[in-house]
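Okay, structure first, notes after.
Read the numbers this way: they start at 1 and go in the same order the structure lists the ligands and their atoms.
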Amino acid sequence: VGPKPLAGQRVLITAGGTVERIDPVRYITNDSSGKMGFAIAEAARDQGADVTLVCGRTDAAAPGGVKVVKAESAAEMHDEVMKRLPETDIVFKAAAVADYRPLRKSEHKMKKTSAELSLELVRNPDILQAIGEWKEAGGGGPFVVGFAAETTELEKHALDKLQRKKCDLIVANDVAAEGAGFGLETNIVSVYGARGFAEHLPRMTKRAVAERLLNIVRELKEGMEKR
Ligand code: C5P
């Protein structure tokens, strides 16, 4: 057998949902299971890549044979991702990062009172956008794949994210469609890239989606390196 297709490639994948703490026992999170990110990690590992998985809260244990870094909040995930960019060839941002976090995190468990309670939320950093800006500032950098979970106007929102967040590829899925999205073993995605690249995949297992995504990235990356 010849060398594995991703031998020597350093692949960083974020997976799962972030946890934004209110107090030591309460938090805000989302429905992300981590399965899509884990499937990409397994497929990349099997293709010979050196894989780092930056994980938020997930439903299952991370796959073996990959380096696992825990990141609870969006801010932690931001720091863990940004510091690894100089040693990364391909980034998959499959994590569902919370857009907001509580302004104040209570050090002690909050006590109920008879009064109503309002939580003030502030914006989290957009990690994907920060990667795009980092690349623009320094030139070069990893090939970046973003994800877009939508419930309406899939293509429009995906193309907007591709441009705004300066990714090389966007993987869009309609989380409201049957057989797609959070927690399931299958997904239905459309992939959009720079210079009009578009591919619509049928309903497939997340592992099969992962294999196809890695092949698309390899083809596009090789094309970029030849130009
Ligand atoms: O804007 P939206 O959250 O739909 O974009 C999804 C993509 O952006 C995903 O790849 C997700 O990991 C990334 N993202 C991020 N930081 C955020 C919000 C989203 O990296 N604060």
Side-chain angles (χ1 to χ4, degrees), residues 11-21 27-41 44 52-58 62 69-85 88 90-103 121-136 141-177 180-183 187-194 206 209-210 213-214 216-217 220:
V11 180
L12 184 139
I13 300 153
T14 70
T18 64
V19 165
E20 309 295 337
R21 293 236 166 241
Y27 53 80
I28 299 172
T29 189
N30 57 61
D31 278 338
S32 175
S33 63
K35 282 181 182 158
M36 193 61 239
F38 285 179
I40 297 168
T52 301
L53 198 48
V54 179
C55 279
R57 187 205 50 74
T58 60
V69 176
K70 283 273 170 203
E72 192 175 78
S73 63
E76 281 171 25
M77 188 174 278
H78 172 272
D79 294 350
E80 294 295 350
V81 169
M82 297 310 288
K83 72 180 181 201
R84 289 180 169 79
L85 289 184
T88 300
I90 305 167
V91 178
F92 286 92
K93 284 257 23 321
V97 183
D99 293 317
Y100 297 90
R101 68 174 180 277
L103 170 64
L121 302 179
V122 293
R123 283 295 307 264
N124 267 333
D126 189 309
I127 307 168
L128 192 53
Q129 196 149 337
I131 299 172
E133 284 161 12
W134 182 87
K135 279 180 64 172
E136 251 189 7
F143 188 97
V144 182
V145 184
F147 288 75
E150 309 290 349
T151 54
T152 57
E153 297 190 275
L154 191 66
E155 178 163 344
K156 177 172 171 280
H157 292 306
L159 292 176
D160 172 61
K161 270 168 211 178
L162 182 70
Q163 217 187 16
R164 191 160 39 85
K165 305 200 186 197
K166 304 179 183 81
C167 326
D168 297 298
L169 204 67
I170 278 276
V171 182
N173 69 329
D174 180 346
V175 285
F182 289 141
N187 212 349
I188 307 168
V189 307
S190 292
V191 189
Y192 303 96
K206 287 185 174 173
V209 172
L213 291 180
L214 288 169
I216 292 172
V217 169
L220 294 181

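Asn173 places no side-chain N or O within 3.5 Å of a backbone atom of Val175 that could act as its donor or acceptor partner. Glu20 places a side-chain N or O within 3.5 Å of a backbone atom of Ala74 that can act as its donor or acceptor partner. Side-chain atoms of Arg101 come within 3.5 Å of backbone N or O of Arg123 as a donor-acceptor pair.
Atom 9 (C) of ligand 1 has its closest protein heavy atom at Phe147 O, 3.1 Å. In this structure, the protein non-hydrogen atom closest to atom 18 (C) of ligand 1 is Asp99 OD1, 3.6 Å. Scanning the protein heavy atoms around atom 19 (C) of ligand 1, the nearest turns out to be Lys165 NZ, 3.7 Å.
If you look at Asn124 next to ligand 1, there are no close heavy atoms at all, none under 4.0 Å. Here Lys161 has side-chain heavy atoms under 4.0 Å from ligand 1, and that is the only part of it that gets that close.
Below 3.5 Å of separation, one finds no N or O of Val97 facing any N or O of ligand 1. Residue-to-ligand polar distances keep Ala94 apart from ligand 1: every N/O pair is separated by 3.5 Å or more.
Looking at every heavy atom in both residues, Gln129 comes nearest to Asp126 through N-OD1, 2.9 Å. What you find for Met36 and Ala210 is that their closest heavy atoms are CE-N, 3.9 Å. Of all non-hydrogen atoms in Thr88 and Pro142, the two that sit nearest each other are O-CB, 3.4 Å. For the pair Leu213 and Val171, the tightest heavy-atom approach, listed with the atom from each and the gap, is CD2-CG2, 3.7 Å.
Here the shortest heavy-atom distance to atom 15 (C) of ligand 1, taken over Ile170, Val145, Ile127, belongs to Ile127. Counting heavy atoms only, Leu128 comes closest to atom 20 (O) of ligand 1 of the residues Thr14, Val81, Leu128, Val91.
For ligand 1 and Lys93, the ligand atoms under 4.0 Å from any heavy atom of the residue are 9 (C), 10 (O), 11 (C), 12 (O), 20 (O). Atoms of ligand 1 lying under 4.0 Å from any heavy atom of Ala95, numbered from 1 in the order shown and given with element: 11 (C), 12 (O). Listed by atom number, the atoms of ligand 1 under 4.0 Å from Pro125 heavy atoms are 16 (N), 17 (C), 21 (N). When each atom of ligand 1 is checked for a heavy atom of Gly146 under 4.0 Å away, the hits are 10 (O).
Atom CZ of residue Arg164 and atom CG of residue Leu128 lie 9.5 Å apart, to the nearest 0.5 angstrom.
With respect to Met77, the side-chain contact (heavy atoms from CB on, under 4.5 Å) criterion is satisfied by exactly one of Val69, Val19, Ile127, Asn124: Ile127.
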